[in-house]
Amino acid sequence: MFRLETEVDKERHRLLSKRLQEDNVAASAGLRALLATPAEHEVPLEVWALDRDGALAGGLTGRTWAYWLHVDLLWVDARHRGSGLGSLLLAEAERTARAERACTRSRLETWDFQAPEFYRKQGYEVIGRVEDYPPGVTEFILVKQLV
């Protein structure tokens with residue numbers, strides 16, 4: 001018999017994560033090969049674009065892990081859209097991931113009303129789609145070779 005609980009518990013979350021990671025490493029030669037390499041740990045990667053006044057004109061946040069760049073957020077202020085700033089931010093993140101962190105690939109997710117065509121123009125390929133996530137929206141999963 002088990003008792004199920006639904007409250008947020010940071011300590012249990014840490015323990016769960018630790019145990020899952022241990023099981024995953026034990027089961028995967030690929031994960032074991034990452035141990036003691038620079039790609040073993042997830043490292044944040046951020047690129048910011050500031051205007052002449054120092055205000056945020058755009059930015060990209062992501063992380064690198066296992067020789068992959070994962071782009072989490074990319075945003076450009078409406079006044080600067082169409083200027084190439086989004087391409088510049090993405091290119092700098094890819095350059096940093098490739099040159100400084102030995103990443104060979106990049107991945108990201110975007111919704112159908114956001115920027116799937118923008119990413120395709122940057123060399124990304126759609127490898128998956130999730131319909132109705134959230135309801136009425138399609139999420140695309142895209143990847144790109146960095147080498």
Report whether F140 and V143 are members of the same hydrophobic cluster (ILVMFWY, side-chain heavy atoms less than 4.5 Å apart, transitive linking).
-> no
Is it true that R14 and E11 have a side-chain N and a carboxylate O under 4.0 angstrom from each other?
-> yes
Side-chain donor or acceptor of T96 paired with backbone N/O of E92 under 3.5 Å | yes
Distance from R12 atom CZ to E5 atom CD, nearest 0.5 Å?
-> 4.5 Å
Euclidean distance, K144 NZ relative to C103 SG, rounded to 0.5 Å | 13.0 Å
Cation-pi check, R81 onto F118 ring (under 6.0 Å, within 45° of axis) = no
From CZ (R105) to CG (L146), nearest 0.5 Å = 9.5 Å
Apply side-chain contact (heavy atoms from CB on, under 4.5 Å) to H13 and D9, showing your working.
-> CA-CA 6 Å; H13 185 276; D9 185 319; over 6 Å; no
Give a yes or no on whether L74 and W68 share a hydrophobic cluster (residues Ile, Leu, Val, Met, Phe, Trp, Tyr; joining criterion: side-chain heavy atoms under 4.5 Å apart).
-> no
Determine, using the 4.5 Å side-chain heavy-atom cutoff (strictly less than), whether I141 and V126 are members of one ILVMFWY cluster.
-> no
Are L34 and L69 joined in one hydrophobic group, where the rule is that I, L, V, M, F, W and Y side chains link up if heavy atoms are under 4.5 Å apart?
-> no
Given R101 and L45, is the side-chain contact (heavy atoms from CB on, under 4.5 Å) satisfied, shown in steps?
-> CA-CA 10 Å; R101 304 184 189 184; L45 192 154; 3.7 Å; yes
Specify the closest pair of heavy atoms between L142 and P116, including all atoms of both residues, with the distance to one decimal.
-> CD2-O, 4.3 Å
R79 backbone acceptor or donor facing D77 side chain under 3.5 Å | yes
Would you indicate whether H80, at its atom NE2, is surrounded by more than 12 heavy atoms from other residues, nucleotides or ligands within a distance under 6.0 Å?
-> yes
hydrophobic_cluster_shared for L88 and L60, side chain cutoff 4.5 Å = yes
Could you tell me whether the side chain of W111 and the main chain of Y133 form a donor-acceptor pair under 3.5 Å?
-> yes
Value for OG1 (T61) from CG (L73), rounded to nearest 0.5 Å, stands at 3.5 Å
Note: L56 and L50 closest approach over all heavy atoms is CA-CD2, 4.0 Å
Quick check: does any side chain N or O of D112 sit under 3.5 Å from a backbone N or O of T138, one acting as donor and the other as acceptor?
-> yes
Atom pair OH/OG1 of Y67 and T37 - distance to nearest 0.5 Å = 3.5 Å
Any side-chain heavy atom of T110 within less than 4.5 Å of one from Y124?
-> no
Taking atom CG of L31 and atom CD of Q21, what is their separation to the nearest 0.5 Å?
-> 8.5 Å
Is any side-chain heavy atom of E109 closer than 4.5 Å to a side-chain heavy atom of H70?
-> yes
Could you tell me whether a side-chain N or O of R32 sits under 3.5 Å from a main-chain N or O of A26, the two making a donor and an acceptor?
-> yes
Without swapping roles, check the side chain of W65 against the backbone of E40 for a donor-acceptor pair under 3.5 Å.
-> yes
Salt bridge K18-E22, side-chain N to carboxylate O under 4.0 Å = yes
Heavy-atom pair with the smallest gap, counting every atom of T64 and A97 = CG2-CB, 4.1 Å
What are the two closest heavy atoms between G62 and D72, and how far apart are they?
-> CA-OD2, 3.6 Å
